Number of protein chains: 2
Amino acid sequence: MPESLPSPGDSPSQVPPAVVSRLSLYLRELQHLLRNGQETTSSSDLGDRLGFSDAQVRKDLAYFGTFGHPGIGYRCDELVAAIKGILGTHQDWRIALVGVGNLGRALLGYRGFGNQGFRIAAAFDSDPAKVAQPIDDVPTYLLSDAPRIVAEKEIRLALIAVPAPFAQEVADLLVQAGVHGIVNFAPVTISVPKTVSIVEVDLAIELEQLTFAVVNKPKSG
Amino acid sequence: MPESLPSPGDSPSQVPPAVVSRLSLYLRELQHLLRNGQETTSSSDLGDRLGFSDAQVRKDLAYFGTFGHPGIGYRCDELVAAIKGILGTHQDWRIALVGVGNLGRALLGYRGFGNQGFRIAAAFDSDPAKVAQPIDDVPTYLLSDAPRIVAEKEIRLALIAVPAPFAQEVADLLVQAGVHGIVNFAPVTISVPKTVSIVEVDLAIELEQLTFAVVNKPKSG
DNA sequence: TAGATTGTTAATCGATTAACAATC
DNA sequence: TAGATTGTTAATCGATTAACAATC
């Protein structure tokens, strides 16, 4: 039987960042197994599916507690709940989206946040024409209303989908408004206070990782 | 004066993956410096801007050759050319996009590939209605035409932007058609032969990394 | 020249892997 | 019970940092 579920904030102060991203992969795979009716799994099964060793799966989880059953493995539903607790996604998170261009609209239309505990609760743009009406049921506002709306709706995360030259000022405004975490899609490094977390997603960089790998493959053309 | 430019494929067989992703960040920052008229930089300047140590910048570059000038630093244009050579983006890459939904259309409309050496040369979907006409000047085709079009246009990279349940079969088809590298936006782990490179981009996972960081911040609410 | 900065080696630090007693 | 599998410790491996001679 597992210990009491971990509550967010309990995590040991020094967990390697790589561990946290694997946790997300474990979660995704466990949810997949559950959908297929599989009730338990083991560190070697889970590792095999994702390309990690059984030892790594167990070590990663051990940073946060003991969630398995010796001789049995892990109950998928228990481990899902445990990992959600660790990642902080047992609660729902409201998100602000800034920038209602092509990418912004795609993010607004993306189903797939929902079942992971995320919801875009407001979208902002500085162009009045783009925020004239709700998009995919998400209310839209002028960027200048962000401080008020973020406070009212208790929004803590934001997605920045504006052109690169505006990303830093938008980030500053969001931080000012009380946002604690930002995913930045603009291809520029932005700086935020140490109290704010940031994740950068840059498509060109992902593609460069790919070309490097392709060009340096052992052999195949 | 730098050695001859590295040509793709020259890279030492064992370069840590983290080094390659920093290389992309160096490139992005160097291009930013160039646009601002800055002709040279140093490992400590570059490191400061991105949050790395000067030693790390120099060590990363040393995996691939010597590109700096002792006492002077690095000429931005030389280093840009060198890094593009390493990453393989000195040449242009043609890309296939599969899945013309919300995300697919956003990717088609994304300006920002272009100046990094990438171009979406064809878009595919299995719904005839979605591929009735070009989108943002990109020709669209039925997915079943992918093998022929990929060969004709000498496409080597692909973006998968289809719903999760279809991602694996689309990947299989693309590999069959001769694609060497895939960026997968579907929230599912897909497997490809060892000769094919893959990069996974999952928005929910990025957000989970963020909530973990937010929930575990030293202190701030 | 003196000051700045590289490329590289050696030392430190951190993460992964292997092994195994404890458990079901 | 015998077989399976965990959680954890110790050993290995790899990446980062610090230091410095060489260079401009």
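Note that these values count all heavy atoms, side chains included, but never hydrogens, waters or copies made by symmetry. Values in this document were obtained by computation on a predicted structure and should not be read as measured data. Within every chain, numbering begins at 1; the chains are lettered A, B, ... in the order of the sequence lines, protein sequences first and strands thereafter.
- Applying the 4.0 Å criterion to OP1 and OP2 of D:dT9, one finds that A:Arg58 has every side-chain N and O outside that range.
- The nearest whole Å value for the distance from the CG atom in A:Asp54 to the P atom in D:dT6 is 8 Å.
- Place A:Gly71 and B:Ala62 on DNA chain C by their nearest nucleotides, and B:Ala62 ends up nearer the 5' end.
- Rounded to whole angstrom, the span from the NE2 atom of A:His69 across to the C1' atom of D:dG3 amounts to 18 Å.
- Pairing for C:dT9 is with D:dA18, a Watson-Crick or G-U wobble pair whose two hydrogen-bonding atom distances lie under 3.5 Å.
- Between B:Phe67 atom CZ and C:dT6 atom P there is a gap of 14 Å when expressed in whole angstrom units.
- Counting non-hydrogen atoms of other residues, nucleotides and ligands closer than 6.0 Å to CZ of A:Phe166 gives a total of 12 or fewer.
- Of the residues listed (A:Ser44, A:Ser53, A:Ser43), the one engaging A:Arg58 in a side-chain hydrogen bond (donor to acceptor under 3.5 Å, both in side chains) is A:Ser43, and it is the only one.
- Here D:dG3 sits opposite C:dC24 as a Watson-Crick or G-U wobble pair (both hydrogen-bonding atom distances under 3.5 Å).
- For the pair B:Arg156 and B:Trp93, the cation sits on the ring face: its NZ or CZ lies under 6.0 Å from the ring centre, inside 45° of the axis.
- Here A:Tyr74 reaches the OP1 or OP2 of D:dG7: one of its side-chain N or O atoms lies under 4.0 Å away.
- Closest approach to the B:Thr66 side chain among C:dT16, C:dG7, C:dT17 is made by C:dG7 (side chain taken as heavy atoms from C-beta onward).
- One can place CD of B:Gln56 at 14 Å from P of C:dG14, the figure rounded to the nearest angstrom.
- Atom CG in A:Asp45 sits roughly 15 Å away from atom P in D:dA4 (whole-Å rounding).
- The two residues B:Phe113 and B:Leu107 have their closest heavy-atom pair at CE1-O, 3.7 Å.
- Per the geometry, CZ belonging to A:Arg75 stands 21 Å off P belonging to D:dA4, to the nearest Å.
- With a 6.0 Å radius and a threshold of 12 heavy atoms from other residues, nucleotides or ligands, A:Gln38 has its CD atom above the threshold.
- Distance CZ (B:Phe52) to P (D:dT17): 10 Å, rounded to an integer number of Å.
- Nucleic acid contact class of B:Ser44 (heavy atoms, under 4.0 Å, all strands): none.
- Atom NZ in A:Lys59 sits roughly 9 Å away from atom P in D:dT9 (whole-Å rounding).
- With the nearest nucleotide of DNA chain D identified for both A:Ile72 and B:Pro17, A:Ile72 has the one nearer the 5' end.
- When distances are taken from the side chain of A:Ser53 to each of C:dT8, C:dT5, C:dT17, the shortest belongs to C:dT17.
- Look at A:Ser43 and you'll find a side-chain N or O under 4.0 angstrom from OP1 or OP2 of D:dT6.
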